[in-house]
J.: 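This is the structure, below, for whatever I ask next.
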Amino acid sequence: MTRYGMAIDLRRCIGCQACAAACKVANNNPKDVAYNIVYTKPDRDWEGSFGTAVVKGALANDNAGGTFPNCTMVFLPVQCQHCENPACEAACPTGATSKDPETGIVSVDSELCIGCESCIKACPYENVRTLVKSPEYYLDVVVGEHDAPPHVAGTVEKCTFCKNLIDRGEVPACMQLCPGRARYWGDLDDPNSDVSKAIQGRDTVFLMESAGTQPNVYYLQ
Amino acid sequence: MAEQTTQGFTRRSFIKGAAALTAAGALVGCSSQTDNLKEIDADQVADSSQGDTQVKADAVPVPETKIFAGACRAQCGQGCYLNVHVRDGQVVRTTAGHFDDGPEFDRICPKGLTQPARVYSSERLQYPMRRVGERGEGKFERISWDEAIKEVTDKFKAYTEEFGPKSIAMFLGSGNTATLGGAAPEGSLMKRLLAVMGGSRVLPDRDIATPMAWAYMFGAGPYANRCSDTVNAKHHVIWGGDIAVSDKQRAHFFLEARDNGTELVVIDIAFRTMPSKADWFIPVHPATDGALALGAIRYILEQGWEATDFLRDHTEAPYLVKEDGMFLRMSDLGVEPTTTTNAQGQEVTVDPQLVWDEETQAPALPAEAVRPALGNVPEIEGIKVRTEMDMIREAVEPWTLERTTEVTGVSAEDIQHLAHLYTQEGDVQTGMKFGLNHYNNGMYSSKCVNALLLVAGQMGRSGSGLFTGEPNFGEGNVEAAITMPSSSGEAPQGIGAILNWTDFCNNIVLTGKKMGEDFPIKAFYVSCTNIVSNQTEQNRTIEMLKALDFFVVQDMTMNDTALYADILLPACHWFENADLRVRYYTNPYLLWNEKAVEPLYESKPDAEIYRMIADAMGYGDFFDFTDDEYLNVLLTTPYGVENGITIDKIREKNYLKCSNDPTIAFEGGIFGTASGRAMFYRETAAPDYNMGQEVDIEKEKFACYWEPAKEADLSNPLREQFPFTICCEHMRTRAHTQWYDVDYLKEFERQPVCRINPEDAAEYGIKEGDTIRLYNDRGSVTLLATINPGQQRRALHCPRSFLTREHIDGDLARTTFNEYNQACRNQSYFDCAVAIEKL
């Protein structure tokens, strides 16, 4: 059995937005669809707000919290956490949202999704899903991988862990190269995977752990 | 069978795009560049549920994706090696290239990742154009390449005939750092064209002060320890740079060292990314870092913590200076100077400087003295002398903890702690970027920090010294490439004149005179640059451009400078031609950029355009070589010859590591100066430019001289009228203004903003998102305020790479001044005081 997961080292993340940009292009995402958002967080409360992001309406990224010069600024990349116990799966009335027992990847089947937003309401992680209304693209050219998600109006989209890429032995787009060397990826059930080794001996936190969904994205402090 | 999904390209979206362009006043020309896409009719779109424009084609085979080697050619200093993914003849994705022999240099960023959007940008210049409206209005008509080249070269020929070739000026910009087509590497074909035509070169004069301070004190470089040494430091101290933003591919070296136990100390004017990673953040008032260094030196000397042996053996601190400011030399003691021939074959006078040997209690040559004295030197044969070290003590005397705190805002405890860290806590490696450079006092501040490193003995060892980047191949054999004779054996006439930007912009073009002498400038040709946005004091730049007789712009996009062109020449995207990337500062590789796709529209490679101009000027014989032949000439540096570097060798893997510099700069304390010692003092000094300015040269002689910045100085009376300074911060998503046309990146930096301290905001009644105007006597900018507790009071941060049209009104670049320090030709991007008005 494979249980894909990620670890994101918050000591290393420099908020450069490379993972967000990589995701956006590789998946040919429309304007209003972001699977991966790097927030600027003015505190270290992991049960609280993720912080602010321009893509979610903030005027600017990279503003600190606190009082100068005693400030706090954490860069927090957030995507679908591919939970062990996904609240979205339980909430989905059509079976569109499911967790793949072979990989642990939680996905939404656009053929079955009716856009009821039950999953969005159930998920403790705000903004990791988007109900695609009328997909508009920045470019006339189709970019990204040829088998990028289809972006069907009236369906919900989110991070797929780039299943199309990992199925052919590549890594998720956000993992291809992190400038801060903050991201780790692999099979959490394999103790020799990059992600398992990255977690070992580190102080880890989960976002919204109290929601009980058992996320598979570890944050290293 | 995998399904291919394709995004429909509709006539409607094409028309919509064209309308937007017309509204912006920029007639770029539009056409469908999506020839591999299915064109679907508008009805089909309308019928599909909720406007979904995706269509699925049945049973289409998996399209082939080819990977080409790409070199990101922006002048961000990172030099990223990219994989360019091409499907159906289109660039669809970019990923980080991999170096087998240096994975720590694998790199990419949001800009590199969104390159497809630059290729397919609606802002691209599609065909040559001629201005039909007023300059800057952006009204153009389409012309053919033949017409464009004829018009440009007819003018160039006529001006040359009437006013001489120097009346044609060229600006070698940095927006395409490739060897053939780019202009920043000085061996580009544009540089050769300039030398063949005998035109005037206009220097950009950016980023000069801090490197000049290194050269002044340390001699010839390289100045920095290599990246592999960063983990060996016990402490990193970063001065003047939010590395994670402005030099982002270097940040991971600091962070890895930190994870291995290195303490990270950041001295900055705001709490930004690197401070957020620091173990210790030292907030400092803008442009006062030099004063902080002097305060730290004073405290070090007071405690007796200075690195005495290092100062004696590896610096000129024991050198003796007479009351008249000249060094004590052998001739002062009656030994006649001799002459010798130097490495360049010139005859030079030998009259060595002297030190006082404490062992023999007599003057001695530095190399022969057993223990050179750092102070308390008696009169020597009736001549009063003091050591450079005495001069340092005297210079730092006023910099008590109290005064240093008053000027810098750094607490006495922090100054003491910094002094202790630099001298008592093991190896300290100093990170430097251009934060100090971008003020009018940049060279003084940089020299004072250098002096601290020397007094602390933190140079010339593993784990200490400077960490500023990574040595690389450099610029190539520019001299050979530029002076190479034509195929008929004629030598290029050489560059006619070298003009400083500020002189060119503020004086020469407007008056037709340089320092009182006639110097008519008739034509100005710029390539790969956006000077309107990227030089200071935009209104002056525009005034100059409007005064020109003829202005030619070669670029990829309709940027702010292109709007002022008389003739626009469309250059193709970097991935649409092959070229070699040589020069970058943090990456030790030569990179080969393969041609991945055909040039779009009528755009042409930069190098081909230079060749077309040369041909039409009648200089075709000077360009009678293949690209490979020219590149091989450029690669014949001593290092290139020794290592057999040819363009074919580079193309074997499309990258080639150049390990041509030592891991440790100045290892063993051997500096690149004539004496091999680091210098604090020079008995003679000269400004690095001449505009006929008045110079108080005494300021330039000694490394511990410091004065406040021009406008950033809090005690300047000007600040009563203009209470705020602006740090025009580096953006994460643009390289200068490049990528302005990439909408993906507006999801991270959407519009111009001004970061302001919450108390300052409250005082002015400013709330998040309020429209504010920043102004001074030079100009103004209107933008949105964002409240940032990471700002200190009276110091604003504004991202600096937006075009004029992206601002609500004005432009950030209109607030800065276009004026040099008396001795250093440098653009002071941050030394700018403004008042705030809430609108």
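A quick note: this is a predicted structure, and the numbers were derived from the prediction, not measured. Protein chains get the first letters and strands the later ones, always in sequence-line order, with residue 1 at the start of each.
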J.: Under a 4.5 Å heavy-atom cut-off, does chain A meet the side chain of B/Gln791, its backbone, both or neither?
T.: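 Interface part for B/Gln791: backbone (N, CA, C, O).
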J.: Only pairs of heavy atoms separated by less than 4.5 Å count here; which of A/Ala34, A/Gly144, A/Ala26, A/Pro42 has the most with chain B?
T.: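 Going by pairs under 4.5 Å, I would pick A/Gly144.
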J.: Can any side-chain N or O of B/Lys277 pair as donor or acceptor with the backbone N or O of A/Cys13 at less than 3.5 Å?
T.: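 Pair found, side chain donor or acceptor close to backbone of A/Cys13.
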J.: So for A/Asn70, is it side chain, backbone, both, or neither that comes closer than 4.5 Å to the heavy atoms of chain B?
T.: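 A/Asn70 has no heavy atom closer than 4.5 Å to chain B.
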J.: By the definition side chain to side chain contact (heavy atoms under 4.5 Å, CB included), identify the one residue from B/His85, B/Arg87, B/Glu64 that meets it with A/His146.
T.: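 Considering B/His85, B/Arg87, B/Glu64, a side chain to side chain contact (heavy atoms under 4.5 Å, CB included) with A/His146 is found only for B/Arg87.
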J.: May I ask you to name which of B/Thr786, B/Val245, B/Val742 has the most heavy-atom pairs under 4.5 Å with chain A?
T.: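 Option with the top pair count is B/Thr786.
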J.: What part of B/Arg258 gets within 4.5 angstrom of chain A, counting heavy atoms only: side chain, backbone, both, or neither?
T.: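 Both backbone and side chain.
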J.: Side chains of A/Ile14 and B/Phe254: closer than 4.5 Å at any heavy-atom pair?
T.: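 Of all side-chain heavy-atom pairs linking B/Phe254 with A/Ile14, none is under 4.5 Å.
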J.: Heavy-atom cut-off 4.5 Å, strictly under: side chain, backbone, both or neither for A/Leu10 against chain B?
T.: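 Just its backbone gets close to chain B.
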J.: Answer with side chain, backbone, both or neither: which region of B/Ile269 has an atom nearer than 4.5 Å to a non-hydrogen atom of chain A?
T.: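 Just the backbone, heavy atoms under 4.5 Å.
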J.: Where on A/Thr40 is there a heavy atom nearer than 4.5 Å to chain B: the side chain, the backbone, both, or neither?
T.: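 Contact with chain B is absent: no heavy atom of A/Thr40 under 4.5 Å.
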J.: Roughly how far, to the nearest 0.5 Å, is CG of B/Leu113 from SG of A/Cys19?
T.: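 So the SG of A/Cys19 and the CG of B/Leu113 are separated by 9.5 Å.
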J.: Heavy-atom cut-off 4.5 Å, strictly under: side chain, backbone, both or neither for A/Ala173 against chain B?
T.: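 It is both, since atoms from each part get that close.
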J.: Would you mind telling me which of A/Ala60, A/Cys16, A/Gly180 has the largest number of heavy-atom pairs within less than 4.5 Å of chain B?
T.: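 When all of A/Ala60, A/Cys16, A/Gly180 are compared, A/Cys16 has the most.
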J.: Under the salt bridge (charged side-chain N to carboxylate O under 4.0 Å, His left out) rule, what do B/Asp259 and A/Arg12 come out as? Steps first, then yes or no, please.
T.: CA-CA 9 Å; B/Asp259 283 347; A/Arg12 290 286 187 87; 2.8 Å; yes
J.: So which residue, B/Val753, B/Thr273, B/Thr733, ends up with the most heavy-atom pairs under 4.5 Å with chain A?
T.: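 Option with the greatest count: B/Thr273.
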J.: Chain A heavy atoms under 4.5 Å from B/Phe281: which part of the residue, side chain, backbone, both or neither?
T.: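 Only the side chain of B/Phe281 comes within 4.5 Å of chain A.
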J.: To check you understand the geometry: which heavy-atom pair defines the closest contact between A/Val143 and B/Val91, and what is its length?
T.: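 Reported closest heavy-atom pair: CG1-O, 4.3 Å.
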J.: Measure distances from B/Gln792 to the heavy atoms of chain A and classify the residue's part below 4.5 Å as side chain, backbone, both or neither.
T.: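 Backbone plus side chain of B/Gln792, per the 4.5 Å heavy-atom cut-off to chain A.
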J.: Let's test your reading of the structure: which of A/Arg181, A/Lys24, A/Met73 forms the most heavy-atom pairs below 4.5 Å with chain B?
T.: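 It is A/Arg181.
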J.: Would you mind telling me which of B/Lys111, B/Arg755, B/Lys248 has the largest number of heavy-atom pairs within less than 4.5 Å of chain A?
T.: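 Option with the greatest count: B/Arg755.
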J.: Sort B/Ala117 into side chain, backbone, both or neither according to what part of it lies under 4.5 angstrom from a heavy atom of chain A.
T.: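 The answer is both parts of B/Ala117.
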J.: Heavy-atom cut-off 4.5 Å, strictly under: side chain, backbone, both or neither for A/Gln176 against chain B?
T.: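 The answer is the side chain of A/Gln176.
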J.: Taking every non-hydrogen pair under 4.5 Å, which of B/Cys109, B/Pro110, B/Ser276 racks up the most with chain A?
T.: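 Max contact count across the listed options: B/Pro110.
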J.: Measure from NZ or CZ of B/Arg732 to the centre of the six-membered ring of A/Phe75 and say whether it is under 6.0 Å with the direction within 45° of the ring axis.
T.: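 Yes.
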J.: Does any backbone or side-chain atom of A/Ala20 lie under 4.5 Å from a heavy atom of chain B? Answer side chain, backbone, both or neither.
T.: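 Answer is both: backbone and side chain atoms of A/Ala20 are under 4.5 Å from chain B.
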J.: Working to the nearest 0.5 Å, report the span between CD of B/Glu747 and CG of A/Asn29.
T.: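 Output value for this atom pair is 8.5 Å.
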J.: Check whether B/Lys746 gets within reach of chain A through its side chain, its backbone, both or neither, counting any heavy atom under 4.5 Å.
T.: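 Only the backbone of B/Lys746 comes within 4.5 Å of chain A.
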J.: More than 12 non-hydrogen atoms from neighbouring residues, nucleotides or ligands closer than 6.0 Å to CD on A/Glu126, yes or no?
T.: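 No - once you tally the heavy atoms of other residues, nucleotides and ligands closer than 6.0 Å, there are 12 at most.
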J.: What I'd like to find out is whether the side chain of A/Leu139 reaches to under 4.5 Å of the side chain of B/Tyr744, using heavy atoms alone.
T.: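 A/Leu139 reaches B/Tyr744 side chain to side chain.
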J.: For B/Pro103, is it the side chain, the backbone, both or neither that has a heavy atom under 4.5 Å from a heavy atom of chain A?
T.: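 The backbone, not the side chain.
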J.: Exactly one of A/Asn61, A/Val54, A/Leu59 should register a side chain to side chain contact (heavy atoms under 4.5 Å, CB included) with B/Arg750. Which one does?
T.: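 So, applying the side chain to side chain contact (heavy atoms under 4.5 Å, CB included) to B/Arg750 and each of A/Asn61, A/Val54, A/Leu59, only A/Val54 qualifies.
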J.: Indicate the atoms forming the closest heavy-atom contact of B/Pro789 with A/Gly66, along with that distance.
T.: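 For B/Pro789 and A/Gly66, the tightest heavy-atom pair comes out as CB-O, 3.0 Å.
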J.: Determine whether more than 12 heavy atoms belonging to other residues, nucleotides or ligands lie under 6.0 Å from atom NZ of A/Lys56.
T.: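 Result for NZ/A/Lys56: enclosed.
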J.: Mind checking the CD1-CG spacing from B/Ile756 to A/Asn63? Nearest 0.5 Å is all I need.
T.: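 Those atoms lie 11.5 Å apart.
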J.: Are the side chain of B/Asn788 and the backbone of A/Ala64 linked by a donor-acceptor contact shorter than 3.5 Å?
T.: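 Yes.
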J.: Examine whether an atom of B/Ile282 lies under 4.5 Å from a heavy atom of chain A, and if so say whether it belongs to the side chain, the backbone or both; otherwise answer neither.
T.: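 Contact with chain A is absent: no heavy atom of B/Ile282 under 4.5 Å.
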J.: How close do A/Pro179 and B/His252 get, counting heavy atoms only, and between which atoms?
T.: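 Looking at all heavy atoms of both residues, the shortest contact is O-CB, 3.4 Å.
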J.: What closest approach, in Å, do B/Phe748 and A/Ala21 show between heavy atoms, and which atom pair accounts for it?
T.: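 Heavy atoms only, the tightest pair is CZ-N, 3.9 Å.
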J.: Quick one: are A/Leu177 and B/Thr95 in side-chain contact, heavy atoms under 4.5 Å?
T.: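 No, side chains not in contact.
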